[in-house]
Amino acid sequence: MSVLEETKFLMKKYKIKANKSLGQNFLIDDTVIEDIVNGAKIEPEDLVIEIGPGLGSMTALLLEKAKKVLCVELDKKMVNILIDRFKIYKNFEIINEDILKIDLKKIIEKEKQENQIKNVKIVANLPYYITTPIIMKLLEEELDLESITVMIQKEVADRIIAIPGKKNTGAITYSVYYYAETEAILEVPKDSFIPAPEVTSKVIKLNIRKEPPVKPESKEKMFKTIKNAFTQRRKTLLNSLVNTKMIENKTQGAEILKKLNLNENVRPEELTLENFAEISNNI
């Protein structure tokens with residue numbers, strides 16, 4: 001039975017429809033599912049945390065490859081279906097919670113102690129409306145993770161995997177770059193889902209760094225500088241930092257930029273992460 005046939009069967013059997021308020025779109029393309037799991041490079045000693053498994057189309061393949069699959073699903077209807085589908089698997093567990101509200105660090109520590117887990121990998125088909133908060137939670141909590149493989153809106157994915165200082169960068173580009181090395185896995189057309197979303201999707205992988213690429217005096221101040229720099233994208237860095245009161249006035253800002261051999265009219269997207277670390281050190 002193909003994933004499409006399986007999905008239609010499950011939707012009919014359990015009398016369900018995709019929940020728009022939860023951003024549900026069921027993945028129905030066998031090849032895409034295989035490519036995502038292959039891209040995540042799941043090993044027999046891995047713990048996979050799958051966020052938003054939905055009907056379990058990808059879960060089935062993950063269970064075959066991983067030592068354990070821990071699903072985090074908010075929708076109670078989906079939880080009941082997943083338990084029904086995978087109750088015979090000894091390496092399956094599900095948590096009916098909001099991913100933004102659970103203590104993943106504690107869960108990962110417990111799993112590593114009890115199940116002789118080698119690496120922990122996140123795999124997820126994230127709802128578009130909550131992509132950034134989830135990704136940033138996973139990174140900022142500095143969890144014991146090897147990688148995060150996610151399918152998200154292509155436009156957001158391209159910004160996340162952009163190189164700082166190059167085209168298409170945003171504040172999230174620099175934040176993600178600090179924590180992980182990124183790579184594109186594949187683009188996923190709209191007709192790979194039921195119902196079809198309005199945009200193209202993209203699967204990207206974040207390989208967690210062992211050491212950050214820069215070591216600012218204050219990580220918090222560096223990220224605040226980056227965030228404020230990008231609040232007004234069309235303005236110069238100097239104007240943005242003055243307007244957000246990161247610096248007192250243009251004179252002070254100009255002195256900092258001159259000291260760092262940066263042009264007074266430089267825009268945030270032209271800077272590297274190293275530049276931002278140096279600027280925050282001098283503020």
Side-chain angles (χ1 to χ4, degrees), residues 1-40 42-104 106-108 110-111 114-115 117 120-131 134 138 148-152 188 191-197 201 203:
M1 190 185 291
S2 70
V3 175
L4 173 59
E5 292 167 333
E6 182 182 76
T7 301
K8 287 181 176 178
F9 168 77
L10 290 168
M11 291 175 77
K12 186 176 180 182
K13 178 182 177 181
Y14 293 99
K15 298 176 183 175
I16 57 158
K17 292 180 180 178
N19 188 327
K20 283 187 177 181
S21 67
L22 295 178
Q24 287 176 349
N25 299 93
F26 301 132
L27 185 57
I28 54 168
D29 190 315
D30 296 76
T31 305
V32 169
I33 289 171
E34 287 175 15
D35 287 345
I36 294 171
V37 176
N38 289 338
I42 309 302
E43 301 291 339
E45 294 177 320
D46 289 343
L47 165 67
V48 174
I49 299 175
E50 186 185 8
I51 302 169
L55 292 169
S57 301
M58 195 152 54
T59 314
L61 188 54
L62 291 170
L63 285 165
E64 290 177 18
K65 293 184 175 285
K67 184 159 193 177
K68 182 172 181 180
V69 178
L70 178 63
C71 294
V72 182
E73 175 58 61
L74 181 61
D75 188 343
K76 183 65 178 172
K77 288 181 182 176
M78 296 299 150
V79 171
N80 293 334
I81 294 169
L82 291 162
I83 291 171
D84 215 8
R85 282 194 72 181
F86 302 120
K87 59 190 172 189
I88 61 168
Y89 286 84
K90 291 183 179 179
N91 62 335
F92 169 76
E93 186 180 335
I94 190 159
I95 299 174
N96 181 204
E97 292 283 354
D98 182 342
I99 188 65
L100 293 173
K101 295 177 182 177
I102 64 175
D103 188 343
L104 280 173
K106 192 175 178 182
I107 289 168
I108 290 169
K110 179 173 175 286
E111 291 293 337
E114 294 179 1
N115 294 304
I117 298 296
V120 182
K121 296 168 182 175
I122 303 269
V123 178
N125 174 11
L126 296 181
Y128 296 146
Y129 75 96
I130 204 167
T131 294
I134 292 176
L138 298 175
I148 302 168
T149 304
V150 291
M151 177 158 55
I152 56 179
V188 185
D191 58 10
S192 296
F193 301 89
I194 291 179
S201 301
V203 181

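The first residue in the sequence is number 1, and the count goes up from there. All values below were derived from every heavy atom in this structure, side-chain atoms included, with hydrogens, water molecules and symmetry-related copies excluded.
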Can you name the residues that form a side-chain contact (heavy atoms from CB on, under 4.5 Å) with [X], not counting sequence neighbours?
X      : result
Asn80  : Lys76
Glu5   : Met1, Ser2
Glu45  : Lys118
Leu100 : Asp98, Ile130, Pro133, Ile134, Lys137

Closest approach of [X] and [Y], non-hydrogen atoms and distance?
X      : Y      : result
Pro53  : Val72  : CD-O, 3.5 Å
Asn91  : Lys67  : CB-O, 2.9 Å
Ala66  : Val69  : CB-CG2, 4.1 Å
Ala196 : Asn25  : C-ND2, 4.3 Å
Ile28  : Asp191 : CD1-O, 4.0 Å

Verdict with supporting geometry, Val203 and Thr149, side-chain contact (heavy atoms from CB on, under 4.5 Å): CA-CA 7 Å; Val203 181; Thr149 304; 3.9 Å; yes
salt_bridge(Lys110, Glu114) N-O dist < 4.0 Å: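 Salt bridge flag = yes for Glu114 with Lys110.
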Residues 8-16, side-chain donor-acceptor partners within the protein, below 3.5 Å, at least two apart:
unit_1: Tyr14; atom_1: OH; unit_2: Asp84; atom_2: OD2; d: 2.6

Pair Val123-Ile36, side-chain contact (heavy atoms from CB on, under 4.5 Å): steps then yes or no: CA-CA 8 Å; Val123 178; Ile36 294 171; 4.2 Å; yes
4.5 Å side-chain heavy-atom contact, Met151 and Leu126: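 Side chain of Met151 against side chain of Leu126, heavy atoms only: no contact under 4.5 Å found.
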Residue pair Leu104 / Ile99, side-chain heavy-atom distance below 4.5 Å: yes
Not counting sequence neighbours, which residues clear side-chain hydrogen bond (donor to acceptor under 3.5 Å, both in side chains) with [X]? List them please.
X      : answer
Glu6   : Arg85
Asp75  : Gln24
Tyr128 : Ser201

Drop me the distance from [X]'s [atom1] to [Y]'s [atom2], to the nearest 0.5 angstrom.
X      : Y      : atom1 : atom2 : value
Leu82  : Asn96  : CG    : CG    : 10.0 Å
Glu43  : Ile117 : CD    : CD1   : 12.5 Å
Thr131 : Ile152 : OG1   : CD1   : 5.5 Å
Ile51  : Ile122 : CD1   : CD1   : 4.5 Å
Leu27  : Ser192 : CG    : OG    : 6.5 Å
Leu55  : Lys77  : CG    : NZ    : 12.0 Å

Could you tabulate the donor-acceptor pairs under 3.5 Å formed by side-chain atoms of residues 58-65, not counting sequence neighbours?
unit_1: Thr59; atom_1: OG1; unit_2: Glu50; atom_2: OE1; d: 2.6

With a 3.5 Å distance limit and no angle check, can you tell me whether [X] reaches the backbone of [Y] through a side-chain donor-acceptor pair?
X      : Y     : answer
Thr7   : Val3  : yes
Glu111 : Leu47 : no
Asn115 : Lys68 : no

Trace of the side-chain contact (heavy atoms from CB on, under 4.5 Å) decision for Ile95 with Ile107: CA-CA 11 Å; Ile95 299 174; Ile107 289 168; 3.8 Å; yes
Results of salt bridge (charged side-chain N to carboxylate O under 4.0 Å, His left out) for Lys121 - residues two or more places apart only: Asp46
Contacts of type salt bridge (charged side-chain N to carboxylate O under 4.0 Å, His left out), residue Asp29, not counting sequence neighbours: none
Residues forming a ring pair (Phe, Tyr, Trp, His ring centres under 6.0 Å) with Phe92, sequence neighbours excluded: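 Partners of Phe92 under the ring pair (Phe, Tyr, Trp, His ring centres under 6.0 Å) test: Phe86.
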Asn38-Glu34 side chain donor-acceptor pair, cut-off 3.5 Å: no
